[in-house]
A.B. asks: 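There's a structure below that I have some questions on.
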Amino acid sequence: MSSIVLFGPPGAGKGTQAERIEKSTGLPQISTGDMLRAAIAKGTDVGLEAKSYMDAGMLVPDDVIVALIKARLMEDDARNGVMFDGFPRTVVQAEALEKIAEISHVISIIVPDERIVERICGRFTCSGCGSVYHDTFKPTKVEGKCDHCGSEDFGRRSDDNEATVINRLSAYHSQTSPLADWYRQRGVLREVDGDREINQITTDILQTLEK
Ligand code: AMP
């Protein structure tokens with residue numbers, strides 16, 4: 001069975017859409033960013049190595065990322081296809097992925113640069129279940145309480161600040177955005193306008209996946 005990639009700049013809404021698409025399609029979300037943050041929280045060697053890159057808004061080296069993905073794809077729930085979120089981010093990673101998984105759709109979520117900073121700087125995450133919210137664009141329904149698990153404990157990512165976002169955007173443009181053409185040439189790239197209401201984007205993505 002084939003897998004899909006959610007592609008786009010930081011703050012495009014990949015994580016938010018991944019949560020929803022996972023519910024509709026059953027494809028498990030594999031977020032390299034979440035895996036790295038979990039490694040940092042656990043204090044593993046991978047976490048220690050990754051942290052300085054992430055704090056600086058730079059990409060973590062390809063060999064670290066590819067090793068994480070290879071291990072993750074060995075797990076049982078990955079057998080019937082997965083949804084990659086935030087991976088691949090370089091051509092080297094895409095070439096490695098091509099050897100280990102079949103990719104049927106690369107959904108490119110398009111958001112202009114000038115919208116990215118405000119989108120990222122208002123983000124917060126439920127510490128209980130990982131659901132992502134935004135102060136303005138996606139607040140919790142009841143203030144201070146997660147819509148999904150009811151937890152009242154939230155956190156903000158240390159790299160979600162303006163200075164780091166500028167570096168993350170620049171890494172995206174120089175190292176990641178060339179992948180759009182790489183996938184276009186392979187006939188699997190589908191573009192979706194990500195600067196709209198969250199439900200509309202989900203509907204678009206689900207329709208695109210059916211084609
Ligand atoms: P994300 O949660 O996807 O925004 O990723 C947060 C940070 O983790 C990025 O700014 C990178 O430093 C690192 N990271 C996540 N995924 C990758 C990847 N596929 N390749 C390199 N670095 C990554």
Side-chain angles (χ1 to χ4, degrees), residues 3-19 21-22 28-42 44-73 78 82-101 103 106-109 111 113 115-127 129-134 155-180 182-183 194:
S3 296
I4 64 177
V5 171
L6 291 183
F7 180 80
K14 299 185 294 291
T16 299
Q17 295 300 335
E19 260 177 47
I21 295 161
E22 176 168 344
Q29 170 194 13
I30 296 187
S31 156
T32 37
D34 285 349
M35 292 168 79
L36 293 169
R37 282 183 286 278
I40 290 173
K42 274 199 204 145
T44 66
D45 289 347
V46 166
L48 284 177
E49 182 175 359
K51 190 173 183 331
S52 55
Y53 292 97
M54 292 169 78
D55 285 345
M58 290 161 61
L59 294 187
V60 173
D62 289 328
D63 55 341
V64 174
I65 299 290
V66 170
L68 273 183
I69 288 288
K70 280 190 176 158
R72 179 65 184 83
L73 288 180
V82 302
M83 174 176 35
F84 295 104
D85 158 10
F87 172 86
R89 263 176 154 102
T90 63
V91 171
V92 170
Q93 292 178 20
E95 284 169 349
L97 178 60
E98 200 173 38
K99 296 192 185 118
I100 50 178
I103 303 297
V106 175
I107 308 286
S108 170
I109 305 178
V111 177
D113 276 9
R115 304 276 285 128
I116 299 289
V117 174
E118 58 176 1
R119 285 173 70 136
I120 289 191
C121 294
R123 276 200 312 206
F124 59 99
T125 304
C126 169
S127 310
C129 69
S131 295
V132 182
Y133 296 95
H134 189 282
R156 289 184 193 256
R157 280 170 50 174
S158 59
D159 60 344
D160 277 356
N161 61 74
E162 198 164 336
T164 309
V165 171
I166 305 285
N167 292 342
R168 285 159 67 193
L169 255 181
S170 135
Y172 173 75
H173 286 299
S174 59
Q175 293 168 274
T176 307
S177 67
L179 270 182
W182 197 87
Y183 279 120

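Residue indices begin at 1 and follow the sequence shown. Counting starts at 1 for both ligands and their atoms, in listed order. The model shown is predicted, which means the values in this text are computed figures rather than measured ones.
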A.B. asks: For atom 12 (O) of ligand 1, what's the nearest protein heavy-atom neighbour? Residue, atom name and distance, please.
C.D. replies: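 In this structure, atom 12 (O) of ligand 1 has Met58 O, 2.6 Å as its nearest protein heavy atom.
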A.B. asks: Can you tell which part of Ile65 has a heavy atom less than 4.0 Å from ligand 1: side chain, backbone, both or neither?
C.D. replies: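 Answer for Ile65: side chain.
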A.B. asks: Name the option, out of Arg168, Met35, Arg89, that contains the heavy atom nearest to atom 15 (C) of ligand 1.
C.D. replies: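 Looking at heavy atoms only, the winner is Arg89.
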A.B. asks: Quick one: nearest non-hydrogen protein atom to atom 6 (C) of ligand 1, plus distance?
C.D. replies: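 Here the closest protein heavy atom is Arg157 NH2, 3.4 Å.
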A.B. asks: Heavy-atom contact under 4.0 Å between Lys14 and ligand 1?
C.D. replies: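 Checking ligand 1 against Lys14, which is what was asked, there is no heavy-atom contact under 4.0 Å.
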A.B. asks: Which distance, rounded to the nearest 0.5 Å, do you find between the CG of Asp63 and the CG of Leu68?
C.D. replies: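 CG of Leu68 is found 10.0 Å from CG of Asp63.
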A.B. asks: Indicate yes or no: at least one non-hydrogen side-chain atom of Val82 is less than 4.5 angstrom from one of Arg72.
C.D. replies: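 They are not in contact (no side-chain heavy atoms under 4.5 Å apart), so the answer is no.
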A.B. asks: For Asp159, does its backbone N or O pair with a side-chain atom of Arg168 as donor and acceptor, under 3.5 Å?
C.D. replies: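 Yes; judged by distance alone, with no hydrogens or angles, the pair exists.
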A.B. asks: What residue and atom, counting heavy atoms only, is the protein's closest point to atom 20 (N) of ligand 1, and at what distance?
C.D. replies: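 Residue, atom and distance for the closest contact: Gln93 NE2, 2.9 Å.
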A.B. asks: Does the side chain of Ile116 reach to within under 4.5 Å of the side chain of Tyr172, using non-hydrogen atoms?
C.D. replies: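 They are not in contact (no side-chain heavy atoms under 4.5 Å apart), so the answer is no.
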A.B. asks: With heavy atoms of Thr32 as the reference, note each atom of ligand 1 found under 4.0 Å away.
C.D. replies: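 Near Thr32, meaning under 4.0 Å from one of its heavy atoms, ligand 1 has 15 (C), 16 (N), 17 (C), 18 (C), 19 (N).
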A.B. asks: List the closest protein heavy-atom neighbour of atom 22 (N) of ligand 1: residue, atom name, distance to the nearest 0.1 Å.
C.D. replies: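 Of the protein heavy atoms, Val60 N, 3.0 Å lies nearest.
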A.B. asks: Is Val46 close to Leu36 at the side-chain level, that is, under 4.5 Å between some pair of heavy atoms?
C.D. replies: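 Yes - at least one pair of side-chain heavy atoms lies under 4.5 Å apart.
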A.B. asks: When only distance counts, is Arg37 in polar contact with ligand 1, meaning an N/O pair under 3.5 Å?
C.D. replies: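 Yes.
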A.B. asks: So for ligand 1, is Asp159 a polar contact partner (N or O within less than 3.5 Å, distance only)?
C.D. replies: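 No, there is no polar N/O contact under 3.5 Å.
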A.B. asks: Any side-chain heavy-atom pair from Ile103 and Phe84 closer than 4.5 angstrom?
C.D. replies: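 A side-chain contact under 4.5 Å exists here.
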A.B. asks: So Glu49 and Pro61, do their side chains get closer than 4.5 Å, heavy atoms only?
C.D. replies: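 The answer is yes; the side chains approach within 4.5 Å.
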A.B. asks: Atom CG of Leu6 and atom CD1 of Ile30: how far apart are they, to the nearest 0.5 Å?
C.D. replies: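 These two atoms lie 12.0 Å from each other.
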A.B. asks: Nearest protein heavy-atom contact for atom 8 (O) of ligand 1: which residue, which atom, what distance?
C.D. replies: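 Result: Met54 CE, 3.4 Å.
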A.B. asks: Do Leu59 and Thr176 come within less than 4.5 Å of each other through their side chains, counting heavy atoms only?
C.D. replies: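 Answer yes - side chains close enough.
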A.B. asks: Relative to the heavy atoms of Gly86, which atoms of ligand 1 are at a distance of less than 4.0 Å?
C.D. replies: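 Here the atoms of ligand 1 in question are 16 (N), 17 (C), 18 (C), 19 (N).
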A.B. asks: Heavy-atom distances under 4.0 Å are what count here, so tell me which part of Leu36 touches ligand 1: side chain, backbone, both or neither.
C.D. replies: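 Side chain only.
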